[in-house]
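Notes follow the structure.
Numbers restart at 1 for each chain; the letters A, B, ... are given by sequence-line order, proteins then strands.
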Protein chains: 2
Amino acid sequence: MSRGNTRVTDAVRTEACPVTEVLDRVAGKWSIGILTAAAHGPVRFTELERAINGISRRMLSLNLRRLERDGLLIRTVHPTVPPKVEYSLTPMAQELHASLTGLVSWAERHRSAIAEARATYDTAAARELDAG
Amino acid sequence: MSRGNTRVTDAVRTEACPVTEVLDRVAGKWSIGILTAAAHGPVRFTELERAINGISRRMLSLNLRRLERDGLLIRTVHPTVPPKVEYSLTPMAQELHASLTGLVSWAERHRSAIAEARATYDTAAARELDAG
DNA sequence: CTGAATCCTTCAGGATACTG
DNA sequence: CAGTATCCTGAAGGATTCAG
């Protein structure tokens, strides 16, 4: 999520708006996908890369670091050759994943309704352009 | 939800698509705040502007349009002078708001744990820099 | 295999000014 | 009151390359 030229520090912002703090954990194009992909046990880097359709190696790495930093992911390095690194959710993240499941469920249930609403809205706007 | 010997790849691909759609509706700095602020009945534009700390008039307007387009907000114009416009959640959005409440609750419960994890992570990184 | 480093583009979002 | 229009910045994210 872009914050533009906001001058407010993170500390002040999160204190003022806890809602934003939630979003920051889940924000970004890939966080939910990573959390979902890692929810059912230890997963290797390459497995995640293959599982999450369209993610770049860079973004996967960046997001894994951020999630690990926030205490949502456990990173386990097996000192073998070739290296083997596994990621899994912390208990805290497991809870988060449960909430996210609710979101996913909502999206599945209303996906077509949203598409329809959007189409209706757009045709209405187009008609106004014709009329005006 | 697949478990056990189901391969991660298959489990995630089927979820990753709606996941992206969810995120698109909730993405952005203000969507959750707007949905939360409008959840308890019709709210006027200026009321939202005051309720949501730090939002600009432009972003409020843009997000209201987007939410309305997706069928999450109802926009009611009262042809009075001065103009009066009220926003309220559609039933679909009410359900979404229920899920979002879970997210907010999660954030409140684990906020300090996240801050602590972050501090630990950062000090560990700093120590490695010193050692190296 | 698991990354980190670098460069580059896109776009959300802030500041500001204007309008019915 | 409830917006729209314009300009601009900074962060997200993609592509590519290098490394342990």
Of B:Pro83 and A:Gly54, the one whose closest nucleotide on DNA chain D sits nearer the 5' end is B:Pro83

Over the length of the helix from C:dC1-D:dG20 to C:dG20-D:dC1, how much do the five-pair end axes diverge, rounded to 10 degrees? 50°

Show me the protein contacts with nucleotides 3-5 of chain D, counting only N or O atoms at under 3.5 Å.
residue: D:dG3; atom: OP1; partner: B:Arg65; partner atom: NH2; Å: 2.8
residue: D:dG3; atom: OP1; partner: B:Arg75; partner atom: NE; Å: 3.3
residue: D:dG3; atom: OP1; partner: B:Arg75; partner atom: NH2; Å: 2.7
residue: D:dG3; atom: OP2; partner: B:Tyr87; partner atom: OH; Å: 2.6
residue: D:dT4; atom: OP1; partner: B:Arg65; partner atom: NE; Å: 3.2
residue: D:dT4; atom: OP2; partner: B:Ser61; partner atom: OG; Å: 2.6

Residues that A:Ser105 engages under side-chain hydrogen bond (donor to acceptor under 3.5 Å, both in side chains), provided they are two or more places apart: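 With sequence neighbours excluded, A:Ser105 shows a side-chain hydrogen bond (donor to acceptor under 3.5 Å, both in side chains) to A:Arg109, given in chain and number order.
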
Between [atom2] of [N] and [atom1] of [X], the distance in whole Å:
{"X": "A:Trp30", "N": "D:dA12", "atom1": "CH2", "atom2": "C1'", "result": "12 Å"}
{"X": "A:His78", "N": "C:dC1", "atom1": "NE2", "atom2": "C1'", "result": "14 Å"}
{"X": "B:Ile55", "N": "C:dA12", "atom1": "CD1", "atom2": "P", "result": "15 Å"}
{"X": "A:Leu60", "N": "D:dG14", "atom1": "CG", "atom2": "C1'", "result": "14 Å"}
{"X": "A:Asn63", "N": "D:dG13", "atom1": "CG", "atom2": "P", "result": "7 Å"}
{"X": "A:Asn53", "N": "D:dG14", "atom1": "CG", "atom2": "P", "result": "12 Å"}
{"X": "A:Arg66", "N": "C:dG3", "atom1": "CZ", "atom2": "P", "result": "16 Å"}

So, taking the atom named [atom1] in [X] and the one named [atom2] in [Y], what distance separates them when rounded to the nearest 0.5 Å?
{"X": "B:Ile114", "Y": "B:Trp106", "atom1": "CD1", "atom2": "CH2", "result": "3.5 Å"}
{"X": "A:Ile34", "Y": "A:Leu64", "atom1": "CD1", "atom2": "CG", "result": "5.0 Å"}
{"X": "A:Leu48", "Y": "A:Ile55", "atom1": "CG", "atom2": "CD1", "result": "8.0 Å"}

Return a table of donor-acceptor pairs under 3.5 angstrom between the side chains of residues 81-91 of chain A and protein atoms on other chains or two or more places apart.
residue: A:Tyr87; atom: OH; partner: A:Arg75; partner atom: NE; Å: 3.3
residue: A:Thr90; atom: OG1; partner: A:Gly71; partner atom: O; Å: 2.8
residue: A:Thr90; atom: OG1; partner: A:Leu72; partner atom: O; Å: 3.4
residue: A:Thr90; atom: OG1; partner: A:Ala93; partner atom: N; Å: 3.2

Taking the minimum atom-to-atom distance to the side chain of B:Met59, which one of C:dG20, C:dG13, D:dG14 wins? C:dG13

Just compare C:dG14, C:dC1, D:dA2 and give me whichever is closest to any side-chain atom of B:Arg44.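 Closest nucleotide among those given: D:dA2.
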
Expected list for residues 56-63 of chain A: side-chain donor-acceptor pairs under 3.5 angstrom, two or more places apart:
residue: A:Ser56; atom: OG; partner: A:Met59; partner atom: N; Å: 3.2
residue: A:Arg57; atom: NE; partner: A:Glu49; partner atom: OE2; Å: 3.0
residue: A:Arg57; atom: NH2; partner: A:Glu49; partner atom: OE2; Å: 3.2
residue: A:Asn63; atom: OD1; partner: A:Arg66; partner atom: NH2; Å: 3.2
residue: A:Asn63; atom: ND2; partner: A:Met59; partner atom: O; Å: 2.8

Among all residues two or more places apart in sequence or in another chain, which pass the side chain to side chain contact (heavy atoms under 4.5 Å, CB included) test with B:Thr123? none

Non-hydrogen atoms of A:Pro42 and A:Glu47 that approach each other most closely: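 For A:Pro42 and A:Glu47, the tightest heavy-atom pair comes out as O-OE1, 4.4 Å.
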
Taking only side-chain N and O atoms of B:Thr46, does any of them lie within less than 4.0 angstrom of OP1 or OP2 on D:dA2? yes

I'd like to know whether CD of B:Gln94 has more than 12 heavy-atom contacts from other residues, nucleotides or ligands below 6.0 angstrom. yes

